[in-house]
Amino acid sequence: MQPTRGAPVRLGPPGPEPQDLGRFGDFGGRYAPETLVAALEALEREFRAAWHDPAFRDEYGELLATYAGRPTPLTPCHRLSERLGVQVSLKREDLTHTGSHKINNVLGQALLARRMGKRRLIAETGAGQHGVATATAAALFGLDCTVFMGAVDVERQALNVWRMRLLGAEVVPVSSGSATLKDAVNDAMREWVATVTDTHYCLGSAMGPHPFPWMVRELQRVVGDEAREQFRALHGADPDVVVACVGGGSNAIGTFSAFVDTRARLVGVEAGGLGLESGRHGAAVNRGVPGVVHGMRSLFLQDEHGQVLEATSISAGLDYPGVGPEHAMLAARGRAEYHAATDEEALSGFRLLARTEGIVPALEPAHAIGWLEREAGRAVPAGSHVLVTLSGRGDKDAAQVAERSGDLA
Ligand SMILES: *Cc1c(COP(=O)(O)O)cnc(C)c1O
């Protein structure tokens, strides 16, 4: 090992693999057109082999260290803890390259794509965060990159579109359906069917057809594995409560996976939008019903005819009407709890963390902070030790929050 290189991140052992074509209890599976099944089978085989191959793990661990900036610290929050009456520590995914946990997933999938001999990555994106992360990995590996994005989102997220193009990616606006994220997923899957021999579909969360929910969880479990070790070093015990925000569910499942066998309460915080009773939110575990969408059986916001509804949230990263299947299972089994924080509560968490700790969170994990602010001393007893995954930094959201508050008049 050359002394100038960072020590590679030591990955924990692989986690349990879902059986029977990716079943997580009653959820998950592989509901894909015949033309995609062979590609999904090949991906499953390749990922299983790679994930148990010490050479692949070393290379991934080294990339996480030298490129992504891992391990990320665990920050004890003294002033926030005093304010809330519970002991809060933050797992700092906001300090990674590109500013969120998404880099862990895309670096792993890009390595895998290269191992499979693919020369192109495609991805879906809503607000553009996963598109930017994928374009970043593609630039690093010299792969071509095409990102599918709803035409409405292309309008709304001009800066991220520009970033993706700067990184060398092609951005394809999708006009079908509501021209937002769920339509971009459909088009990315369609494109994959047509180009599968030389293209890898780099899916952005722990969702979709098997093997994606399992693979993305495994690529994100480094978040939880590091946090558990760091938390024990800091406090000499596991946390009482582990909290993470849930969009598709990748930062939360990556965190939870290290704690499912502990006595910690696992809490996923969904987008409460304008309130669960308003019907305008993104809380698929709290208010969704089972259905088969985007290649998986899981919980989705649907109308009485089974039509998938649009999600509503102040944070683009939580604006998805479904959730990954492992969360649906953890909820059904009662191993994890899922609550919601409204837009207003997230904004309150956003400001609270900035004022008390000098950390501006992304609006997504601001939901986790906002929920804790509401429940500290109530559902979270005073004095509890709480681990919160801070999935990303708030630079991307600063202008939006300022504008909404009328501060940029
Ligand atoms: C995309 C994103 C999320 C939501 O995605 P998950 O798959 O649920 O983790 C959360 N936080 C940040 C910062 C994001 O960019």
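First listed ligand is number 1; within each ligand, the first listed atom is number 1. The figures that follow rest on heavy atoms only: side chains count, while hydrogens, waters and symmetry mates do not.
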Any N or O of S250 closer than 3.5 Å to N or O of ligand 1: yes
Residue G249 vicinity, atoms of ligand 1 by number, heavy atom under 4.0 Å: 6 (P), 7 (O), 8 (O)
Inter- and intrachain pairs under salt bridge (charged side-chain N to carboxylate O under 4.0 Å, His left out), touching residues 121-148, at least two apart: R119-D144
Ligand-residue contact atoms, ligand 1 with G392, heavy atoms, under 4.0 Å: 13 (C)
M207 to ligand 1, any heavy atom closer than 4.0 Å: no
Close N or O approach (G248, ligand 1; < 3.5 Å): yes
NZ/NE/NH1/NH2 to OD/OE distance under 4.0 Å, D238 and R263: no
Distance from atom 12 (C) of ligand 1 to nearest protein heavy atom, with residue and atom: S391 OG, 3.5 Å
Neighbour count above 12 (heavy atom, 6.0 Å) for E41 CD: yes
Side chain, backbone, both or neither: K102 near ligand 1, heavy atoms under 4.0 Å: side chain
Enclosure of R355 CZ (heavy-atom neighbours >12, cutoff 6.0 Å): no
Sub-6.0 Å ring centroid separation between F24 and W214: no
Under-4.0 Å heavy-atom contact with ligand 1, by part of E93 that carries it: neither
Interatomic spacing from NE2 in H294 to CE in M207 - rounded to 0.5 Å: 6.0 Å
Distance-only N or O hit between ligand 1 and Q129, under 3.5 Å: no
E93 side chain to T389 side chain, donor-acceptor N/O pair below 3.5 angstrom: no
Backbone or side-chain N or O of G247 under 3.5 Å from ligand 1 N or O: yes
Distance filter under 4.0 Å to S205 heavy atoms, resulting ligand 1 atoms: 6 (P), 7 (O)
Separation between CG of L387 and CG of D240, rounded to the nearest 0.5 Å: 11.0 Å
Subset of ligand 1 atoms that lie under 4.0 Å from at least one heavy atom of G317: 4 (C)
